[in-house]
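A short write-up of the structure that comes next.
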Amino acid sequence: AVFAVIAVCVWAALQTNLETATPTLELPYWAFLSAALAGCVFAAIEFAVVFLKIGFGLPPYFVFADEQPPEDALAL
C-alpha cells in the first residue's frame with residue numbers, strides 16, 4: 001500500500017514538472033523520475049499479488065516440483 005501511495009506522489013511530481021529539467025545536468029524530470037515511478041508501480045503490484053496469495057492460503061513464493069521432498073524419503 002505504501003508503494004502505491006509513493007507511485008501516486010511520483011506521478012503527481014512528474015505531472016507538475018513535465019516540461020522542466022534538472023539544473024545541473026539538464027536532464028528532463030520525466031526521464032529522471034520515470035524509474036522511480038516504474039519501480040513503485042511494480043512493487044505495489046508485487047505486494048498485491050503476494051497479499052492475495054496469502055489471503056487464499058497459498059505460499060507467497062513460487063514452489064517448484066524439484067523443491068518437494070521425494071515421496072519415498074518420508075517412508076524412512
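The first residue of the sequence shown is numbered 1, and numbering continues consecutively from there.
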What's the shortest heavy-atom distance between T20 and N17, and which atoms? OG1-O, 3.0 Å
Over 12 foreign heavy atoms within 6.0 Å of CD, Q15: yes
Which donor-acceptor pairs under 3.5 Å do side chains of residues 29-53 form with protein atoms, sequence neighbours excluded?
from, atom 1, to, atom 2, distance (Å)
S34, OG, W30, O, 3.2
S34, OG, A31, O, 3.3
K53, NZ, P59, O, 3.4

